[in-house]
Amino acid sequence: MTIRLYDTSARQIRDFTPLTPGCVSIYLCGATVQAAPHIGHIRSGLNFDIMRRWFTYRGYDVTFIRNVTDIDDKIIAKSAEQNRPWWAIGYENERAFNSAYDVLGCLPVTYEPRATGHVPEMIEMMRGLIERGHAYAAEGSVYFDVRSYPGYLQLSNQELDGLRQPSGEGEYGKRDPRDFAMWKAAKPGEPSWETPWGRGRPGWHLECSAMAHKYLGSAFDIHGGGVDLIFPHHENEIAQAKAFGDDFAAYWVHNAWVTMSGEKMSKSLGNSVLVSEMVKHWRPIVLRYYLGTPHYRSMIEYSEESLREAESAFARIEGFVQRVTEKAGKVVPPAPEVPPAFAEALDDDFGVPQALAVVHTTVRQGNSALTADDKESAVARLAEVRAMLGVLGLDPLDEHWAGGPDRGEDLHGVVDSLVRLVLEQRQAARTRKDYGTADAIRDQLQQSGLVIEDTPSGPRWELGSR
């Protein structure tokens, strides 16, 4: 068994060989908490949650770090606009991100460090880079000298000549406009921390290099993030860390965007879809299916139609799970191993679409077994389906989705009681041969988004497509 993944730095799929046998260390660039998350923000968390689950299934001990950027220009600007403390805005949105990760079934990360909690580590890294001639202080800020590091821009495959480095306001004293800020000098009224070079605050890139070093050491396995972070963020992280003396990440893995009308979903474009609003209209497990099942390196073009298709596809899986569970008269546990074709798909650069095809094939086989009244085969297929869905975080019988007042699933029992009351009225109408009323009740339930199926043991209901 060998897991293979696409390494952005090598521009090819490589066999995964961990630095420490049996262990996987992952650093994922997490949220900049200036606003609540839209589904584009949360896709990265879902993709790496599935990767983490697969590594765990394959027997690895996974250490998973996802940082929080709780101070930057945008947060400070929001603080001024709203006349609220910067830390209040950051914490409010950090909680919104964690709520979104949780409602969509992401496992808790190992550690989730905040940038502002690691200023001493940043000072240590800046001091070392200045001593080694890779950084310099100027007018209260500290800059990285990009010409001092020969490997600069290898990740993004750019040329230094003609490079335009994104810069923020107040970046004075640069020796070269391509140099980037590691530490920004304090401005009146803005948050700041004391350093040997004056008061100021972290630059965006420095925090990740410092926190990865603290929690994962000088070398770790996988660094992840969205494709939009390759330059400048990840390029600058590499320069800082390697110039400091770290080997840093052995593999670079990047997920693609969620787009709308061909453009990256972002706050600035005004086309974002907040997770908190989406889950009011779509079941969280369906939203996870929609965002998590395309290949992580493929763009997702957002549309209501594609979400409805995802809802219908997941309903077929869920309906099979429910029917076999009813047939078996008990909850069927997941199989100890997933089918070989499913494992082969995920081993090959986390090929979730191919793995999902195996799920749907197994569901069809299970439905055929149900039609043939082959209970044993149907139960065996359900066990396989549950094992596969568990890896994808989509098992409807998992305790995350099966109950819990914090997820709203406690309403299922209430809805079930109400629907069964209506179904009893429908059955009474059928008994007295009032088929017009019975059909009208069924039609009204279907218009409400419920699918009614008459079975030998009585009518059953499930959520249908919208």
Using a 4.5 Å cut-off on heavy atoms from C-beta on, say whether the side chain of L104 contacts that of L46. yes

Separation between CD1 (I130) and CZ (F144), nearest 0.5 Å, reads 11.5 Å

Whether over 12 other heavy atoms sit under 6.0 Å from R11 CZ: yes

Under the ring pair (Phe, Tyr, Trp, His ring centres under 6.0 Å) test, residues paired with F342 that sit two or more places apart: none

Verdict with reasoning, R178 to D161, per side-chain contact (heavy atoms from CB on, under 4.5 Å): CA-CA 9 Å; R178 295 166 295 189; D161 293 340; 3.9 Å; yes

Do we see a donor-acceptor contact under 3.5 Å between the side chains of S218 and D247? no

What distance do I50 atom CD1 and L392 atom CG have between them, rounded to the nearest 0.5 Å? 5.5 Å

Relative to the ring of Y136, is the ring of Y143 parallel (under 30°), tilted (30 to 60°) or perpendicular (over 60°)? tilted

Do S306 and E301 get their side chains close enough for a donor-acceptor pair, meaning under 3.5 Å? no

K242, NZ atom: more than 12 neighbouring heavy atoms under 6.0 Å: no

Under 3.5 Å, side-chain donor or acceptor atoms of residues 23-32 against the rest of the protein: list the pairs with distances, not counting sequence neighbours.
residue : atom : partner : partner atom : Å
S25     : OG   : D221    : N            : 2.9
S25     : OG   : D221    : OD2          : 3.1

Sorted by chain and number, sequence neighbours left out, ring pair (Phe, Tyr, Trp, His ring centres under 6.0 Å) with Y111 holds for Y215

I would like to know whether D7 and V253 meet side-chain contact (heavy atoms from CB on, under 4.5 Å); could you show each step before the answer? CA-CA 6 Å; D7 180 6; V253 179; over 6 Å; no

Would you please name every residue forming a salt bridge (charged side-chain N to carboxylate O under 4.0 Å, His left out) with E384, sequence neighbours left out? R381

Using a strict cut-off of less than 4.0 Å between a Lys/Arg side-chain nitrogen and an Asp/Glu carboxylate oxygen, indicate whether E318 and R283 qualify as a salt bridge. yes

Side-chain (T325) to main-chain (V321) donor-acceptor, under 3.5 angstrom: yes

Is the centre of the H254 ring less than 6.0 Å from the centre of the Y296 ring? no

Do side-chain atoms of N93 reach the backbone of A36 as a donor and acceptor pair under 3.5 angstrom? yes

Do H295 and P353 touch side chain to side chain, with heavy atoms closer than 4.5 Å? yes

Salt bridge (charged side-chain N to carboxylate O under 4.0 Å, His left out) contacts in which one or both residues fall within residues 104-119, not counting sequence neighbours: R66-E112, E94-R114

Output yes when R4 and D347 qualify as a salt bridge under the 4.0 Å nitrogen-oxygen rule, no when they do not. no

Please work out which of the three classes, parallel, tilted or perpendicular, describes the rings of H234 and W252, given edges at 30° and 60°. tilted

Taking the six-membered ring for Trp and the single ring otherwise, decide whether the centroids of F16 and F55 are under 6.0 Å apart. yes

Within the side chain of S79, is there an N or O that forms a donor-acceptor pair under 3.5 Å with the backbone of R84? yes

Separation between OG1 (T8) and OH (Y6), nearest 0.5 Å, reads 6.0 Å

On a heavy-atom basis, the closest approach of D70 and V33 is CA-CG2, 3.8 Å

Under the salt bridge (charged side-chain N to carboxylate O under 4.0 Å, His left out) test, which residues partner R43, sequence neighbours left out? none

Would you call the rings of F248 and H223 parallel, tilted or perpendicular, where under 30° means parallel and over 60° means perpendicular? tilted

Distance col, row D72:CG vs W204:CH2, nearest 0.5 angstrom, shows 8.5 Å

Compare all side-chain heavy atoms of I39 with those of L291 and state whether any distance is below 4.5 angstrom. yes

For the residue pair D246 and H213, confirm or rule out a side-chain donor-acceptor distance under 3.5 Å. yes

Please, which pairs that meet salt bridge (charged side-chain N to carboxylate O under 4.0 Å, His left out) have at least one residue in residues 284-298, sequence neighbours excluded? D49-R288, R297-D349

With heavy-atom distances below 4.5 Å as the criterion, would you say the side chains of T259 and Y302 are in contact? no

Side chain proximity check, L206 to M125, heavy atoms < 4.5 angstrom: yes

What side-chain donor-acceptor pairs closer than 3.5 Å can you find for residues 149-157, not counting sequence neighbours?
residue : atom : partner : partner atom : Å
Y152    : OH   : Q165    : NE2          : 2.9
Y152    : OH   : N236    : OD1          : 2.6
S156    : OG   : Q158    : NE2          : 3.0
S156    : OG   : E235    : OE1          : 2.5

So, the side chain of W401 versus the backbone of G393: is there a donor-acceptor pair under 3.5 Å, distance only? yes

If you count the non-hydrogen atoms of other residues, nucleotides and ligands that lie under 6.0 Å from NZ in K187, is the total more than 12? yes

Give every residue pair that meets the ring-ring contact (aromatic ring centres under 6.0 Å, His included) criterion with at least one member in residues 71-95, sequence neighbours excluded. W86-W193

What residues form a side chain to side chain donor-acceptor pair (under 3.5 Å) with E159, not counting sequence neighbours? none

For side-chain contact (heavy atoms from CB on, under 4.5 Å), just list the numbers for V279 and L287, CA-CA rounded to whole Å, side-chain angles, deciding distance to a tenth of an Å, and then say yes or no. CA-CA 8 Å; V279 297; L287 194 55; 4.1 Å; yes

Keeping the roles fixed (side chain from H41, backbone from H38), state whether a donor-acceptor pair exists under 3.5 Å. yes

Quick test of your reading of the model: are K78 and D73 salt-bridged, counting only N-O distances below 4.0 Å? no

Given salt bridge (charged side-chain N to carboxylate O under 4.0 Å, His left out), test E92 with R95 step by step and report yes or no. CA-CA 5 Å; E92 175 182 84; R95 292 185 64 185; over 6 Å; no

Between Y251 (side chain only) and R14 (backbone N and O only), is there a donor and an acceptor less than 3.5 Å apart? no

From OG1 (T2) to CG (D348), nearest 0.5 Å: 11.5 Å

CG of D179 to OG of S141: how many Å apart, nearest 0.5 Å? 12.0 Å

Is the number of heavy atoms from other residues, nucleotides or ligands within 6.0 Å of CD (Q12) greater than 12? yes

Q82, CD atom: more than 12 neighbouring heavy atoms under 6.0 Å: yes

After noting the C-alpha distance and the side-chain angles of M182 and H205, does the key distance pass the side-chain contact (heavy atoms from CB on, under 4.5 Å) rule? CA-CA 7 Å; M182 303 173 66; H205 317 298; over 6 Å; no

Please list, chain by chain and in numerical order, all residues satisfying salt bridge (charged side-chain N to carboxylate O under 4.0 Å, His left out) with R132, sequence neighbours excluded. none

Those residues at least two apart in sequence (or on a different chain) that pass salt bridge (charged side-chain N to carboxylate O under 4.0 Å, His left out) with R52 are none

Check the side chains of H281 and E277 for a donor-acceptor pair under 3.5 angstrom, ignoring hydrogens and angles. no

